[in-house]
Amino acid sequence: EVDIYTTQEELMAYSIYLKMQQLKLRQINEDLFFHKELLLEGQELLGIGSFVLNSKDSSRSFYSPEYKRIFEIEDQMDFNKFIDLVHPEDKELLLSKISNAYTVGGKYEVEYRYTKSVEKKIWSKGFIITEDGTPTVIRGIVKEISK
């Protein structure tokens with residue numbers, strides 16, 4: 001009987017512990033959602049979009065709503081298609097800045113023209129993340145500066 005009682009007490013304590021952890025997790029998720037909304041609202045107000053381009057796993061790429069608005073895209077855009085929309089006179093500059101950051105696994109900052117429906121001047125700053133000397137992720141921000 002003592003073993004049965006002890007087991008029941010442990011199960012009740014564990015059940016209470018799990019409920020407390022679920023409440024904490026729910027609060028953390030609510031806080032994350034709230035802060036995500038604040039971040040996206042701030043990006044919209046400032047006209048700044050953010051992105052993560054993961055060449056190793058495209059399912060881990062991310063484009064904020066403001067990024068999509070600036071570049072007039074619905075979902076994701078292939079990097080080569082993106083480069084095709086960069087003004088011919090600016091492609092070499094953009095690619096060299098990114099390439100240089102790839103080489104050293106560091107930062108880049110560049111201004112270039114982009115045309116989908118209308119020509120826009122874009123400012124971008126970002127980081128290149130490498131694994132074993134191979135570039136895998138470009139993470140950064142963009143702002144339309146032609147307005």
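From a predicted model like this one, the values you see are computed outputs, not experimental measurements.
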- Is Phe127 reachable from Val110 through a run of I, L, V, M, F, W or Y residues, each pair having side-chain heavy atoms under 4.5 Å apart? no
The reported gap from CG in Leu85 to CE in Met77 (rounded to nearest 0.5 angstrom) is 5.5 Å
With sequence neighbours left out, the residues meeting side chain to side chain contact (heavy atoms under 4.5 Å, CB included) with Thr6 are Val2, Glu10
Anything under 3.5 Å between a donor and an acceptor, one on a side chain of residues 31-56, the other on a protein residue two or more places apart or in another chain? List them.
| from | atom 1 | to | atom 2 | distance (Å) |
| --- | --- | --- | --- | --- |
| Asp31 | OD1 | Gln27 | NE2 | 2.9 |
| His35 | ND1 | Asp31 | O | 2.8 |
| Gln43 | OE1 | Ser64 | OG | 2.9 |
| Gln43 | NE2 | Ser50 | OG | 2.9 |
| Asn54 | OD1 | Lys56 | N | 2.9 |
| Asn54 | OD1 | Asp57 | N | 2.8 |
| Ser55 | OG | Thr136 | O | 3.0 |
| Lys56 | NZ | Glu131 | OE1 | 2.6 |

- Task: Could you tell me whether the side chain of Tyr108 reaches within less than 4.5 Å of the side chain of Asn100, counting heavy atoms only?
- Result: no
**Request:** Decide yes or no for Tyr102 and Ile129: does some side-chain heavy atom of the first lie under 4.5 Å from some side-chain heavy atom of the second?
**Result:** no
So salt bridge (charged side-chain N to carboxylate O under 4.0 Å, His left out) across residues 86-101, not counting sequence neighbours, yields Glu89-Arg113, Asp90-Arg113
Sorted by chain and number, sequence neighbours left out, salt bridge (charged side-chain N to carboxylate O under 4.0 Å, His left out) with Lys121 holds for Glu111
For Phe82, the ring-ring contact (aromatic ring centres under 6.0 Å, His included) test, sequence neighbours excluded, returns Phe71, Tyr114
Please confirm whether the backbone N or O of [Y] pairs with a side-chain atom of [X], one donor and one acceptor, at under 3.5 Å?
X      : Y      : result
Thr115 : His87  : no
Ser15  : Leu11  : no
Lys107 : Lys125 : no

Tightest non-hydrogen contact, residues Tyr63 and Lys68, listed as O-CE, 3.4 Å
Nearest heavy-atom approach of Glu144 to Ile122 is CA-CD1, 4.2 Å
Those residues at least two apart in sequence (or on a different chain) that pass side-chain hydrogen bond (donor to acceptor under 3.5 Å, both in side chains) with Tyr67 are none
Determine whether the side chains of Trp123 and Glu109 contain a donor N or O and an acceptor N or O closer than 3.5 Å.
yes
Without hydrogens or angle criteria, can the side chains of Ser117 and Glu72 be said to hold a donor-acceptor pair below 3.5 Å?
-> yes
Open item on the list: As a quick check of understanding, evaluate side-chain contact (heavy atoms from CB on, under 4.5 Å) for Leu95 and Ile83, giving each step before the final call.
Closed with: CA-CA 9 Å; Leu95 290 172; Ile83 293 298; 3.7 Å; yes
